[in-house]
Amino acid sequence: MTTSHSTRIALITGGSRGLGKSMALQLAGSGVDVIVTYLAGAREANDVVASIRAQGRNAAALALDVRNSSSFGAFAETVKSTLRETFGRDRLDALVNNAGTGLHAAFAETTEAQFDELVNVHFKASFFLTQKLLPLIADGGRILNVSSGLARFTLPGYAAYASMKGGVEVLTRYLAKELGPRKITVNVIAPGAIETDFGGGRVRDDAKLNQAIAAQTALGRVGLPDDIGEAVALLLRPESHWITGQRIEASGGQGL
């Protein structure tokens with residue numbers, strides 16, 4: 001498939017399922033070509049690619065382990081060759097740092113190994129993967145980091161996870177300032193509780209928890225993946241060029 005140079009290209013980490021999959025499909029629906037990454041779900045990632053191509057857009061799936069920052073340089077080279085060979089381009093227009101893992105553990109019981117993995121997946125990856133991909137992001141492009149409503153409101157058991165997201169939010173403001181001269185906008189989207197398999201699917205599968213969250217949410221329900229995918233597509237539109245360094249929470253008004 002050939003791609004015109006007016007077509008935007010977005011890279012979404014963790015795009016084979018859950019929120020990342022919805023982001024990819026919603027972006028494709030708004031006319032954006034997409035590269036998704038996956039850790040183990042090659043089949044799921046290829047299904048996403050097929051769905052995007054069925055919409056008339058171009059797509060590719062690349063393996064990436066965001067826990068391993070030493071692999072980011074080689075990954076950037078793979079992205080560079082994929083842009084050239086699959087899309088006929090040499091630059092990305094958007095990067096969404098979405099890949100992540102959940103952890104529900106009391107502060108007193110959180111292990112150092114669990115903490116270190118969260119640092120690698122959520123904070124170190126957002127920092128160093130963005131750094132390695134920066135030469136491939138077009139001037140005037142978009143970077144969107146994924147945080148969590150848990151960085152604003154508190155629920156017992158998420159101290160370590162939410163702390164990483166707090167770090168991502170501070171990093172976002174610094175990137176917005178430093179990348180401003182290139183007209184690259186950098187923002188955070190912070191989902192509330194969403195019905196996915198994230199964190200073992202607790203929000204989706206535990207009816208009592210689901211109802212409790214819905215009761216404390218202004219719009220009266222728990223979020224769905226497309227609620228976030230649609231918000232991401234909105235934030236990556238060219239018309240959002242004057243929004244940068246901001247935290248946009250997409251939680252339906254959870255915990256107001």
Side-chain angles (χ1 to χ4, degrees), residues 12-23 26 39 66-67 96-127 144-174 186-232 234-235 245-256:
I12 303 170
T13 65
S16 65
R17 59 189 178 85
L19 297 187
K21 175 182 178 179
S22 177
M23 294 172 192
Q26 293 293 334
L39 176 59
V66 295
R67 299 171 298 187
V96 183
N97 286 307
N98 166 72
T101 57
L103 175 67
H104 181 264
F107 168 77
E109 297 166 3
T110 302
T111 68
E112 190 170 353
Q114 288 173 324
F115 184 92
D116 287 346
E117 178 161 346
L118 288 174
V119 170
N120 290 337
V121 168
H122 292 281
F123 188 66
K124 195 172 180 180
S126 295
F127 193 108
L144 186 63
N145 295 322
V146 177
S147 180
S148 170
L150 291 163
R152 175 179 64 84
F153 52 80
T154 56
L155 293 175
Y158 293 102
Y161 173 80
S163 294
M164 303 308 149
K165 294 305 193 182
V168 167
E169 294 187 4
V170 172
L171 172 63
T172 297
R173 295 198 298 274
Y174 275 82
V186 191
N187 293 294
V188 158
I189 186 167
I194 307 291
E195 291 185 5
T196 69
D197 59 5
F198 187 78
R202 293 180 72 241
V203 172
R204 180 192 61 200
D205 300 333
D206 184 335
K208 185 176 291 187
L209 175 63
N210 190 296
Q211 292 164 9
I213 294 170
Q216 58 178 269
T217 301
L219 294 181
R221 64 170 174 83
V222 168
L224 300 172
D226 281 351
D227 294 325
I228 307 305
E230 290 166 354
V232 167
L234 182 68
L235 290 170
Q246 301 305 304
R247 177 189 190 274
I248 296 94
E249 183 170 314
S251 70
Q254 184 177 345
L256 294 179

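If you read the sequence from its start, that first residue is 1, and numbering goes on from there.
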Notebook entry, point to check: Does a donor on one side chain and an acceptor on the other come within less than 3.5 Å for Thr172 and Asn145?
Noted result: yes
Checklist line | Within 6.0 Å of CZ in Phe123, more than 12 heavy atoms from elsewhere | finding: yes
Next item on the list: Could you tell me the separation between the CG atom of Leu155 and the NE2 atom of His104, rounded to the nearest 0.5 Å?
Entry: 8.0 Å
Next item on the list: Could you tell me the separation between the CE atom of Met164 and the CG atom of Asn120, rounded to the nearest 0.5 Å?
Entry: 9.5 Å
Item checked: Donor-acceptor pair, side chain of Thr217 and main chain of Leu219, under 3.5 angstrom -> no
Next item on the list: Give every residue pair that meets the side-chain hydrogen bond (donor to acceptor under 3.5 Å, both in side chains) criterion with at least one member in residues 155-166, sequence neighbours excluded.
Entry: His122-Lys165, Tyr158-Arg202
Checklist line | Smallest separation among heavy atoms of Ile189 and Ala231, with atom names | finding: CD1-CB, 3.7 Å
Margin query: Are Leu144 and Val232 packed together at the side-chain level, in the sense that at least one heavy-atom pair is separated by less than 4.5 angstrom?
Written below: yes
Check: Looking at residues at least two apart in the chain, or sitting in another chain, which of them share a side-chain contact (heavy atoms from CB on, under 4.5 Å) with Arg17?
Finding: Asp197
Check: What's the shortest heavy-atom distance between Gly14 and Ala99, and which atoms?
Finding: N-CB, 3.7 Å
Notebook entry, point to check: Which pair of heavy atoms, one from Gly18 and one from Pro225, lies closest together, and at what distance?
Noted result: O-CB, 4.3 Å
Notebook entry, point to check: Taking C-beta and beyond as the side chain, do Gln254 and Ile213 meet within less than 4.5 Å on heavy atoms?
Noted result: yes
Checklist line | Atom of Leu118, atom of Ala160 and distance for their closest heavy-atom approach | finding: CD1-CB, 3.6 Å
Note to self: A side-chain contact here means heavy atoms from C-beta on lying under 4.5 Å apart; do Asn97 and Val146 qualify?
What the structure shows: no
Margin query: With a 4.5 Å cut-off on side-chain heavy atoms, are Leu19 and Asn98 touching?
Written below: yes
Margin query: Give me the atom names and distance for the closest heavy-atom approach of Val66 to Ala125.
Written below: O-CB, 3.6 Å
Next item on the list: Output every pair passing salt bridge (Lys or Arg N to Asp or Glu O under 4.0 Å) with a member in residues 213-228, not counting sequence neighbours, ordered by first then second residue.
Entry: Arg221-Asp227
Item checked: Residue pairs involving residues 105-117 (criterion side-chain hydrogen bond (donor to acceptor under 3.5 Å, both in side chains); sequence neighbours excluded) -> Thr111-Gln114
Check: Has Phe115 got more than 12 heavy atoms of other residues, nucleotides or ligands less than 6.0 Å from its CZ?
Finding: no
Note to self: For the OG atom of Ser16 and the CG atom of Leu39, what is their distance to the nearest 0.5 Å?
What the structure shows: 8.5 Å
Next item on the list: Apply the test side-chain contact (heavy atoms from CB on, under 4.5 Å) to residues Leu171 and Ser126: give CA-CA distance (whole Å), side-chain angles for both, the deciding distance (0.1 Å), then the verdict.
Entry: CA-CA 9 Å; Leu171 172 63; Ser126 295; 4.3 Å; yes
Checklist line | Contact summary for Ser147 and Val188, nearest pair of heavy atoms | finding: CB-CG1, 3.4 Å
Next item on the list: Check side chain to side chain donor-acceptor pair (under 3.5 Å) between Asn210 and all other residues, then give those that pass, not counting sequence neighbours.
Entry: Glu195
Notebook entry, point to check: Restricting to pairs with a member in residues 246-256, which pass salt bridge (Lys or Arg N to Asp or Glu O under 4.0 Å), not counting sequence neighbours?
Noted result: Arg152-Glu249, Glu169-Arg247, Arg247-Glu249
Check: With a 4.5 Å limit on heavy-atom distance, are the side chains of Ile248 and Asn187 in contact?
Finding: yes
